[in-house]
Amino acid sequence: MATGQGKRVVVIGAGIIGASLAYHLARKGANVTVLEADGIASGVTSRSFAWINTAAPETDPIAPLRGAAIEAYRQLEAELPGLTVRWTGALSYSTMSSAAPTPASDSSAADRVCRTQIVGLEPNLKHPPESACHAPAEGALDPVAAAHALIAAAQAHGAKVFTQTRVLGLVIEQAQLSAVATAMSIIDADSVVIAAGTGITQLTDSLAITLPIAASPAILIRYKTQPDLVRSLISSPVMEVRHTADGALLAAEDYLDDAADNQPAAIALRTAKAIQHELHGVVSIEPEWARVGLRPMPADGVPIIGHLPNVGGVYVCAVHPGVTLAAIVGRLASEEIIDGKASPALAPCRPDRFWKR
Ligand SMILES: Cc1cc2nc3c(=O)[nH]c(=O)nc-3n(C[C@H](O)[C@H](O)[C@H](O)COP(=O)(O)OP(=O)(O)OC[C@H]3O[C@@H](n4cnc5c(N)ncnc54)[C@H](O)[C@@H]3O)c2cc1C
């Protein structure tokens, strides 16, 4: 079996996580093959609000990962001309009178800002709260373009990429991965990285390993409206919005239930009204589309990253929030897979925590 550089690694899934893994692994000299059932970034990555959000709850096992997320993206931007983050900053508040989450690190450097400062930052807010949390270092990206840029860079480092190629199973010999099976071929491999989003459990179930990962729905809406309604990214109890580079307005909403008046199109109309109520300057706001995305959500909310126990060569990456953490997880996981260098920041994410309890 090859080790280190030249190791044959198959990455299953070309969402933002698989794309980042493929790039980081190929850059380290691995012999990478990416197998994607559909197209690049065709899964939940294409429905992501894509906020690089480093704010964390007070006790957060993955605070070091969130804390390193911004710097990891800045490094990727320097390495890949096709990957661009709009570092607009983010303004969050949970009620009209209090501020929101704790910043994760010095790099997120979120400040508590008062109403006067909020109005300076976002002059179109009709109902600015008393205070809010302002993270000037945060931003958002086009996740589909980012995944394409990562895959193209992986290919430039020699990776082979096959779309429309679903992985049907893993070949295990004497408790060690030996190959990956698709409908068309068997691909010999030293390691496999399962970065298949909500498709992960189908593959791990076939190894008789049950990972508690739910498919958690959320809604992304794209509106045609006036440009520059918001300058940064606003997350409030009423709306979560930001502009795209081409001037559209994106909104992220919770998926409520299957009722007719909670379908994406209906939510898009309700959210448009809420945005009009919150912002000055909205002359018209037309939903272009509203789509449901299924997030791979581990039962305890902590990403599942690492080698599976009892079977050699199988590494899993189920990451939420996946866009925020893609750059840093790609870097650290590739070091674990190629250099055998265990990352302390990934220690709380190990799959075997579900069997140790
Ligand atoms: C409305 C909404 C807003 C969001 N906002 C944010 C945000 O602001 N910030 C943030 O960090 N995250 C956000 N997320 C979450 C984020 O989008 C996901 O965490 C992230 O995209 C997951 O990426 P992934 O690569 O793991 O999964 P995916 O993008 O789903 O990629 C998995 C890929 O694997 C492929 N696949 C599956 N099974 C197989 C198989 N057997 N063989 C081959 N290929 C297979 C699929 O086709 C798919 O392309 C949001 C999600 C939604 C829905």
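Sequential numbering from 1 along the given sequence is applied to the chain's residues. Since the structure is predicted, the reported quantities are computational estimates derived from the model, not experimental observations.
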Would you call Ser185 and Phe162 a side-chain contact if the rule is heavy atoms closer than 4.5 Å?
no
Results of side chain to side chain donor-acceptor pair (under 3.5 Å) for Glu79 - residues two or more places apart only
Tyr23, Arg27, Gln75
Closest non-hydrogen atom pair, Glu278 against Val238:
CG-CG1, 3.6 Å
Identify the heavy atoms of Ile52 and Tyr73 that sit nearest to each other, and give their distance.
CD1-CD1, 3.5 Å
Between Ile328 and Arg66, is a side chain to side chain contact (heavy atoms under 4.5 Å, CB included) present by the stated rule, with each step listed?
CA-CA 8 Å; Ile328 186 64; Arg66 290 189 213 263; over 6 Å; no
Under a 4.5 Å cut-off applied to non-hydrogen side-chain atoms, are Ile209 and Val314 in contact?
no
After noting the C-alpha distance and the side-chain angles of Cys317 and Val329, does the key distance pass the side chain to side chain contact (heavy atoms under 4.5 Å, CB included) rule?
CA-CA 9 Å; Cys317 269; Val329 164; 4.2 Å; yes
What distance separates Leu250 CG from Glu240 CD, expressed to the nearest 0.5 Å?
10.5 Å
Is it true that a side-chain atom of His127 and a backbone atom of His277 form a donor plus acceptor pair closer than 3.5 Å?
yes
Run the numbers on Tyr93 and Ile118 for side chain to side chain contact (heavy atoms under 4.5 Å, CB included), then give the verdict.
CA-CA 11 Å; Tyr93 44 100; Ile118 293 167; 5.5 Å; no
Less than 3.5 Å apart, which donor and acceptor atoms pair up between the side chains of residues 333-349 and the rest of the protein, not counting sequence neighbours?
residue : atom : partner : partner atom : Å
Ser334  : OG   : Gly330  : O            : 3.0
Ser334  : OG   : Arg331  : O            : 2.8
Glu335  : OE1  : Lys341  : NZ           : 3.4
Glu336  : OE1  : Tyr315  : OH           : 2.6
Glu336  : OE1  : Arg350  : NH1          : 3.1
Glu336  : OE2  : Ser343  : N            : 2.7
Glu336  : OE2  : Arg350  : NH2          : 2.5
Asp339  : OD2  : Lys28   : NZ           : 2.9
Ser343  : OG   : Ala345  : N            : 3.2
Ser343  : OG   : Leu346  : N            : 3.4

N/O donor-acceptor pair under 3.5 Å between Gln155 side chain and Lys160 backbone
no
Nearest-0.5 Å distance that lies between atom CG in Leu220 and atom CD in Glu253
10.0 Å
Output for pair (Leu170 CG, Ile187 CD1), nearest 0.5 Å, gives 11.5 Å
Using modelled atom types and a 3.5 Å cut-off, is there a donor and acceptor pairing between side-chain atoms of Glu122 and backbone atoms of Ser232?
yes
Contacts of Thr204 meeting side chain to side chain donor-acceptor pair (under 3.5 Å) (sequence neighbours excluded), chain-then-number -> none
Closest non-hydrogen atom pair between Ala14 and Val34, with its separation:
CB-CG1, 4.0 Å
Min side-chain heavy-atom separation Asp188-Arg8 under 4.5 Å:
yes
Name all residues meeting the side chain to side chain donor-acceptor pair (under 3.5 Å) criterion together with Arg270; count only those two or more places apart in sequence or in a different chain, and write none if there are none.
Asn262
Can you confirm whether Val282 sits close enough to Gln226 that some side-chain heavy atom of one is under 4.5 Å from a side-chain heavy atom of the other?
yes
What residue pairs, at least two apart or across chains, pass side chain to side chain donor-acceptor pair (under 3.5 Å) with a residue in residues 216-225?
Ser216-Arg295, Arg222-Asp246, Arg222-Glu288
To the nearest 0.5 Å, what is the distance between OG on Ser131 and CD on Gln117?
10.0 Å
Identify the heavy atoms of Thr271 and Ala251 that sit nearest to each other, and give their distance.
CG2-CB, 4.1 Å
Hphob cluster co-occupancy, Leu76 + Ile70, side-chain heavy atoms under 4.5 angstrom
yes
Residue pair Ala179 / Ile186: nearest heavy atoms and the distance that separates them:
CB-CG2, 3.5 Å
Is there a side-chain contact between Ile305 and Leu332 in this structure, where contact means two heavy atoms from C-beta onward sitting under 4.5 Å apart?
no
Do Leu150 and Leu83 have side-chain heavy atoms sitting under 4.5 Å apart?
yes
For Val32 against Ala26, the heavy-atom pair lying closest together:
CG2-N, 3.6 Å
Quick one: does Glu138's side chain have a donor or acceptor within less than 3.5 Å of a partner on Ala90's backbone?
no
So, the side chain of Thr163 versus the backbone of Glu36: is there a donor-acceptor pair under 3.5 Å, distance only?
no
Taking Asn53 for the side chain and Ala55 for the main chain, is one N or O donor matched with an acceptor at less than 3.5 Å?
yes
Give the C-alpha distance, both sets of side-chain angles, the deciding distance and a yes or no for side chain to side chain contact (heavy atoms under 4.5 Å, CB included) between Val113 and Leu91.
CA-CA 9 Å; Val113 285; Leu91 193 68; 4.0 Å; yes
Verify, without hydrogens or angle tests, whether Arg242 (side chain) and Phe49 (backbone) share a donor-acceptor contact under 3.5 angstrom.
yes
Which residue pairs satisfy the ring-ring contact (aromatic ring centres under 6.0 Å, His included) criterion with at least one member in residues 242-262, sequence neighbours excluded?
none
Flag the pair Leu121 / Arg231 as yes when at least one side-chain heavy-atom distance between them is below 4.5 Å, and no otherwise.
no
At what distance, to the nearest 0.5 angstrom, does CG of Asp190 lie from CG of Leu177?
8.0 Å
Quick one: does any side-chain atom of Asn124 pair with a main-chain N or O of Leu229 as donor and acceptor, under 3.5 Å?
yes
Is the shortest heavy-atom distance from the side chain of Pro264 to the side chain of Ile221 under 4.5 Å?
no
Thr45 side chain to Pro143 main-chain N or O, any donor-acceptor pair under 3.5 Å?
no
Distance (rounded to the nearest 0.5 Å) between Leu168 CG and Thr182 OG1:
6.5 Å
Can you tell me if Gln263 uses its side chain to pair, donor with acceptor, with the backbone of Ala259 under 3.5 Å?
yes
